[in-house]
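Worksheet for the structure shown next.
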There are 4 protein chains.
Amino acid sequence: MFEEFVNDEEELTEKQKKIIAAAIESFSEKGFAATSTSEIAKKAGVAEGTIFRHYKTKKELLLSIVAPMMAKLVAPLVIKDLNKVLNQDYERFEDFIKAMIENRIKFLKNNMQLFRILIQEIPFHPELKEQFTEHIAVKIFDRLRQIIEHYQAKGQIIKMPPDTVIRVTLSTMLGYLISRYLLLPEAEWDDEAEIERTVQFLMKGLSPE
Amino acid sequence: MFEEFVNDEEELTEKQKKIIAAAIESFSEKGFAATSTSEIAKKAGVAEGTIFRHYKTKKELLLSIVAPMMAKLVAPLVIKDLNKVLNQDYERFEDFIKAMIENRIKFLKNNMQLFRILIQEIPFHPELKEQFTEHIAVKIFDRLRQIIEHYQAKGQIIKMPPDTVIRVTLSTMLGYLISRYLLLPEAEWDDEAEIERTVQFLMKGLSPE
Amino acid sequence: MFEEFVNDEEELTEKQKKIIAAAIESFSEKGFAATSTSEIAKKAGVAEGTIFRHYKTKKELLLSIVAPMMAKLVAPLVIKDLNKVLNQDYERFEDFIKAMIENRIKFLKNNMQLFRILIQEIPFHPELKEQFTEHIAVKIFDRLRQIIEHYQAKGQIIKMPPDTVIRVTLSTMLGYLISRYLLLPEAEWDDEAEIERTVQFLMKGLSPE
Amino acid sequence: MFEEFVNDEEELTEKQKKIIAAAIESFSEKGFAATSTSEIAKKAGVAEGTIFRHYKTKKELLLSIVAPMMAKLVAPLVIKDLNKVLNQDYERFEDFIKAMIENRIKFLKNNMQLFRILIQEIPFHPELKEQFTEHIAVKIFDRLRQIIEHYQAKGQIIKMPPDTVIRVTLSTMLGYLISRYLLLPEAEWDDEAEIERTVQFLMKGLSPE
DNA sequence: CATGAATGAGCGTTCATTCAT
DNA sequence: GATGAATGAACGCTCATTCAT
């Protein structure tokens with residue numbers, strides 16, 4: 001479940017792919033504002049002008065990187081008939097949340113640089129924030145709310161405002177990811193156990209009664 | 001308890017205060033890299049050269065803003081005889097965590113711009129990250145570990161690695177703050193209830209058994 | 001004899017040539033430190049950024065001007081089989097020194113601005129001084145020493161340490177050039193006679209006995 | 001003979017002396033244009049403003065250093081009744097030139113930093129050059145011409161235009177000083193012998209016949 | 001008389017972007 | 001489509017000089 005059928009990079013020329021790859025690397029390491037287009041060009045092995053042939057501005061390049069990332073991040077929740085999935089595959093909230101968290105953690109782990117750019121740049125670019133709230137807060141929150149209410153109705157989750165449930169769930173999950181991969185990547189982590197504990201904490205915190 | 005007796009800004013000239021204030025505003029809004037010194041000067045109503053009389057470089061200006069913030073952030077945990085406080089004032093973990101969270105939330109709410117700069121700039125400045133891990137991870141984590149173990153020994157918290165307890169606690173708390181004040185500041189929030197719910201979630205998640 | 005087959009400026013773009021020309025003019029008149037890059041750009045009729053596309057720093061621009069000058073200055077002494085030349089063309093030291101001096105005077109006269117930059121900037125730039133001693137003192141002094149010894153062996157020059165002979169010879173020659181073209185260029189000079197007298201003084205001063 | 005009764009530094013305050021000393025050191029090492037007033041102030045141990053209390057501009061500070069140097073440099077030739085000295089003490093040109101050269105070499109050796117500033121800055125400051133030609137070329141050249149003619153009349157020097165004699169003499173002498181103390185100060189020099197040879201070369205080059 | 005904070009013009013350099021080839 | 005030379009505005013920072021204390 002929750003596999004992704006996203007295909008991008010398909011209509012990109014070889015040079016474009018190199019530009020994107022170089023930009024991702026630099027943006028994630030030094031930030032958008034501190035990365036120069038000439039640096040990207042050099043790293044990508046193309047001429048400076050080539051970047052601007054494909055992307056009108058430096059910012060457009062950033063958006064062309066971040067926007068698909070945001071879409072992919074919430075992809076599993078955009079599945080058309082998610083409720084069917086829920087009923088069939090995940091009778092218990094615990095199973096659903098476990099699957100979802102493991103799936104998203106795997107995804108973010110594999111796309112850590114993109115994730116990094118996303119959270120680093122959102123504060124500085126109103127368009128990004130807008131896109132984010134529009135995609136996530138509106139489309140996805142609605143979905144998530146339904147899901148939460150679904151399990152609340154089944155008596156599997158505490159009766160708390162769904163938005164609060166969503167918030168603490170995401171906080172817990174992203175808190176793990178940021179600690180694990182961005183803040184203390186060099187500490188020793190027993191990932192399996194740590195995820196297990198995190199989910200356990202979340203489940204207990206959200207259990208009814 | 002946990003009041004702060006930090007006094008800074010006291011030996012600063014009038015111009016220096018204006019520079020700091022202008023820098024905080026701009027850094028928090030546009031980020032360090034995207035803020036120009038000329039812009040800070042204009043906003044502060046001083047000549048550009050004046051900035052550099054007080055701060056050798058733009059980066060030094062940033063550090064002079066962020067470093068004290070970091071110290072103040074963890075101040076309540078640097079109290080000399082914290083254990084006495086714990087025994088006397090907070091026999092129950094719940095009371096302690098409630099007091100601590102409310103206190104720190106109040107502090108961060110009052111210093112939201114500084115908090116914003118801190119979390120926005122840490123990824124881009126190795127010195128900052130270093131200072132952070134040095135101050136927080138080493139000094140404070142040790143303290144927090146003792147506290148957690150203290151309440152674990154009393155049987156008030158689940159037997160989980162203290163680092164994990166710390167992580168989920170901070171995630172929950174910072175997740176609230178970031179959602180509330182940075183991501184969705186314009187949504188309607190019933191702060192009192194929301195904090196109450198958040199602490200409740202945390203307590204249940206960490207309760208033994 | 002002693003013609004030069006040096007060709008530079010050949011792979012330079014039009015703009016680069018203009019930058020070099022403007023830089024030479026300004027550096028020689030006001031000195032390197034007192035010449036601004038914006039001034040050079042204006043004089044060259046290019047944008048200031050263009051200078052830095054071709055020369056990473058202002059100093060690199062200086063070096064790109066001075067280094068070839070130094071090479072050309074000593075070029076006649078780097079001829080592969082100089083001894084053959086000496087034996088065939090200049091049996092007498094007087095003929096050699098006359099030819100050499102006239103040749104170098106002509107060269108410096110035609111490159112007075114470059115010569116000026118060279119002697120004006122050497123004191124302030126260790127790299128230049130190093131390059132100078134390396135090229136001149138080592139490579140050329142060895143050559144000159146051999147030549148002096150060659151004519152001393154023939155009994156045509158006084159038996160004095162070759163280094164001293166070289167020093168007084170160069171002093172006499174450069175003293176003329178500096179007086180003539182840099183210190184008192186507006187006095188009336190009978191160049192031919194003055195050079196004749198200078199060589200005569202030199203020859204007598206160095207004659208054996 | 002040729003002792004100097006120059007007294008300067010007499011009406012200078014302690015701070016002023018320190019400023020002058022610091023300026024001399026920096027100007028001679030890095031050049032006037034590349035030396036900042038703040039650097040001089042720091043080295044002198046005074047406030048930046050103090051420099052400008054004593055010297056209206058940075059350039060005035062330079063001139064206050066160089067002008068007296070120039071005066072002292074030619075002092076021995078400004079003696080009122082130089083001819084009496086010549087007749088009494090130096091019947092032979094050789095004795096005169098030897099005494100003069102040794103005296104001036106000693107003086108310059110003792111004031112090498114000032115000498116360095118003088119020759120380094122003359123090219124860049126029209127006022128300096130003017131002062132130089134006015135003092136040297138007019139006042140002193142006249143004197144020197146008389147002296148040369150005096151010895152030419154006695155048949156002790158070659159019949160050459162006095163200006164040429166002066167030029168080659170100064171070139172020879174300054175050539176030694178510059179080689180010895182500025183270009184190759186770290187080579188091994190047998191000063192006594194080298195001066196002896198230099199004077200010998202000069203005498204032979206200028207001898208009649 | 002000495003101070004040093006303040007100034008603002010100007011510095012060398014980098015930048016995103018354009019455009020002729 | 002790709003290039004890279006060219007641009008000029010803007011950058012962080014330094015400077016000589018002023019002036020209230």
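If you're wondering where the values come from, they're calculated on a predicted model, not measured in any experiment. So that the names make sense, note that chain A is the first sequence line, chain B the second, and so on, each numbered from 1.
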How many Å lie between NZ on C:Lys17 and P on F:dA5, as a whole number?
-> 16 Å
Length of the line joining B:Ile40:CD1 and F:dA10:C1', which is rounded to integer Å | 15 Å
With B:His125 as partner, the option from B:Leu63, B:Val66, B:Leu62 fulfilling side-chain contact (heavy atoms from CB on, under 4.5 Å) is B:Leu62
Is atom NZ of D:Lys18 surrounded by more than 12 heavy atoms (other residues, nucleotides or ligands) closer than 6.0 Å?
-> no
What is the distance, rounded to the nearest whole Å, between atom CD1 of B:Ile19 and atom P of E:dA5?
-> 12 Å
Near C:Lys59 NZ, under 6.0 Å, is it more than 12 heavy atoms from other residues, nucleotides or ligands?
-> yes
Rounded distance [0.5 Å steps], CG in D:Leu108 versus CE in D:Met69 | 5.5 Å
Decide side-chain contact (heavy atoms from CB on, under 4.5 Å) for C:His54 and C:Thr13; before the verdict, give the C-alpha distance in whole Å, the side-chain angles of both, and the deciding distance to 0.1 Å.
-> CA-CA 10 Å; C:His54 294 291; C:Thr13 70; 4.2 Å; yes
Given protein heavy atoms under 4.0 Å, the one-letter contact record of nucleotides 12-21 of chain E, with B base, S sugar-phosphate only and - none, is simply BBBSBBB---
Symbol by symbol from the 5' end, with Watson-Crick or G-U pairs under 3.5 Å, [ ] crossing and | another strand, DNA chain E is .||||||||||||||||||||
Figure out the CD/P separation between A:Glu14 and F:dT3, and round it to whole Å.
-> 13 Å
Kindly say whether D:Phe32 contributes a backbone atom to a donor-acceptor pair with the side chain of D:Glu121 at under 3.5 angstrom?
-> yes
When you check the phosphate oxygens OP1 and OP2 of F:dG1, does a side-chain N or O of A:His54 lie under 4.0 Å from one of them?
-> no
Passes side-chain hydrogen bond (donor to acceptor under 3.5 Å, both in side chains), B:Thr37 versus B:Glu48? Steps please.
-> CA-CA 7 Å; B:Thr37 49; B:Glu48 204 167 348; 2.8 Å; yes
side-chain hydrogen bond (donor to acceptor under 3.5 Å, both in side chains) between A:Ser26 and A:Lys43: does it pass, once the steps are laid out?
-> CA-CA 9 Å; A:Ser26 291; A:Lys43 193 177 269 176; 2.9 Å; yes
Under 6.0 Å from the NZ atom of C:Lys30, do we count more than 12 heavy atoms belonging to anything else shown?
-> yes
Separation of E:dG8 atom C1' from B:Lys42 atom NZ, nearest Å, is 13 Å
When rounded to whole Å, the CG to P distance for the pair B:Leu62 and F:dC13 reads 12 Å
OH of B:Tyr55 versus C1' of F:dT14: gap in Å, rounded?
-> 19 Å
